[in-house]
Amino acid sequence: MTLDKDFFARSVHDVAPDLIGITLLVDGVGGPIVEVEAYDHEDPAAHGYGGRTERNATMFGPPGRAYVYRSYGLHWCLNFVCEEEGSASAVLIRALEPAHGLDAMRERRGLDDSRLLCAGPGRLCQALGITRALDGLALDEPPFEVLARETEPKIAVGPRIGITKAMEQPWRYGLAGSRYLSRPMRSV
DNA sequence: CAGTGGATGCTCT
DNA sequence: GAGCATCCACTGT
């Protein structure tokens, strides 16, 4: 079942854990999401914190769309916009389990090891072919497919990665025990 | 395994 | 001009 806009039109802190185990495909390439992070409007670590700019304009738009930005000059990062228009909240997709289109992923990444194909936001975007060209596109329309999960996953929680502000917030969610995480979750 | 540093480009002050 | 929501290769134990 494809998830529509209503799924994303909720608090980013409810949507983020609900995304674990959901399948993300871009042109048929992807798999179940195993790691995400939540960023809300009051969050000094979030792009929307300082107000609307050209780069983060999509974050201020309606929910259920992709927000894609360039990171450290050479990587792309994918977010799902949440809540209502103007709230500037989004979930960063950090890792997924490669399940569909492994050959395409291996070719784009130039590696064989399935464990490293999508274990990190930059790697995931490279493996799925995500660039700024997809920024602002709706997640329930091609090339995206976002499919509901079939079983309830066990979710681990911890601090976010790679930020210098609001580091104490436990807004990183992962599939407990997954070997496809960008880094292990802190043990319970 | 831990730590370090380079690549690289865009955004915002 | 500083500062990144990163990744990879390299060093040293």
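Labels below follow one simple rule: chain letters A, B, ... track the order of the sequence lines, proteins then strands, and each chain is numbered from 1. We use all heavy atoms of the structure for the numbers below, so side chains are in, but hydrogens, waters and symmetry mates are not.
At a threshold of 4.0 angstrom between heavy atoms, the contacts of R160(A) with the nucleic acid are absent. Heavy atoms of T164(A) sit under 4.0 angstrom from primed sugar atoms or phosphate atoms, though from no base atom.
Here the side chain of P121(A) is nearest to one of dT6(C), dT11(B), dC8(C), namely dT6(C).
Geometric assessment of R132(A) against the ring of W76(A) yields a negative cation-pi assignment under the 6.0 Å and 45° thresholds. Geometric assessment of R160(A) against the ring of Y39(A) yields a positive cation-pi assignment under the 6.0 Å and 45° thresholds. Annotation: cation-pi pair R10(A)/F7(A) present, NZ/CZ under 6.0 Å from the ring centroid and within 45° of its normal.
With a 4.5 Å cut-off on side-chain heavy atoms, R149(A) and T23(A) do not count as touching. In this structure the side chain of N79(A) never reaches within 4.5 angstrom of the side chain of V91(A), judged on heavy atoms. Contact of the L124(A) side chain with the R94(A) side chain is not registered, since no non-hydrogen atoms from C-beta on lie closer than 4.5 Å. Here the side chains of Y69(A) and N56(A) are not in contact, with every heavy-atom distance at 4.5 Å or above. Inter-residue side-chain proximity for V26(A) and L134(A) is flagged as met; some heavy-atom pair is nearer than 4.5 Å.
dT11(C) is paired with dA2(B) under the Watson-Crick or G-U wobble criterion, all donor-acceptor distances under 3.5 Å. With a cut-off of 3.5 Å on both pairing distances, the Watson-Crick or G-U wobble partner of dA2(C) is dT11(B).
Using a 4.0 Å cut-off on heavy atoms, none of the residues of residues 165-176 of chain A approach DNA chain C. Contacts between residues 68-90 of chain A and DNA chain C, defined by a heavy-atom separation below 4.0 Å, involve Y69(A), S71(A), Y72(A), H75(A), N79(A), listed by number.
Taking a cutoff of 4.0 Å between a charged side-chain nitrogen and a carboxylate oxygen, D43(A) and K165(A) do not qualify as a salt bridge.
Comparing Y39(A) and Q126(A) along DNA chain C, the residue whose closest nucleotide (by nearest heavy atom) sits nearer the 5' end is Y39(A).
Here the P atom of nucleotide dC8(C) and the CG atom of L116(A) are 7 Å apart, to the nearest Å. Here dC4(C) presents its P atom at 10 Å from NE2 of H47(A), a figure rounded to the nearest Å. When the P atom of dT6(C) is taken as reference, atom CD of E37(A) falls 8 Å away, rounded to whole Å. R109(A) has its CZ atom 8 Å from the P atom of dC7(C), to the nearest Å. A straight line from CZ of R55(A) to P of dT13(B) spans 10 Å, rounded to a whole angstrom. Going from atom CG of D113(A) over to atom C1' of dC7(C) covers 15 Å, rounded to whole Å. Whole-Å rounding puts the L181(A) CG to dC7(C) P distance at 13 Å. R183(A) places its CZ atom 15 Å from the C1' atom of dC8(C), with the value rounded to the nearest Å.
Between R132(A) and dC10(B), a side-chain N or O to OP1/OP2 separation shorter than 4.0 Å is absent.
Scanning for ring-ring contact (aromatic ring centres under 6.0 Å, His included) contacts around H13(A) gives W171(A), with sequence neighbours left out.
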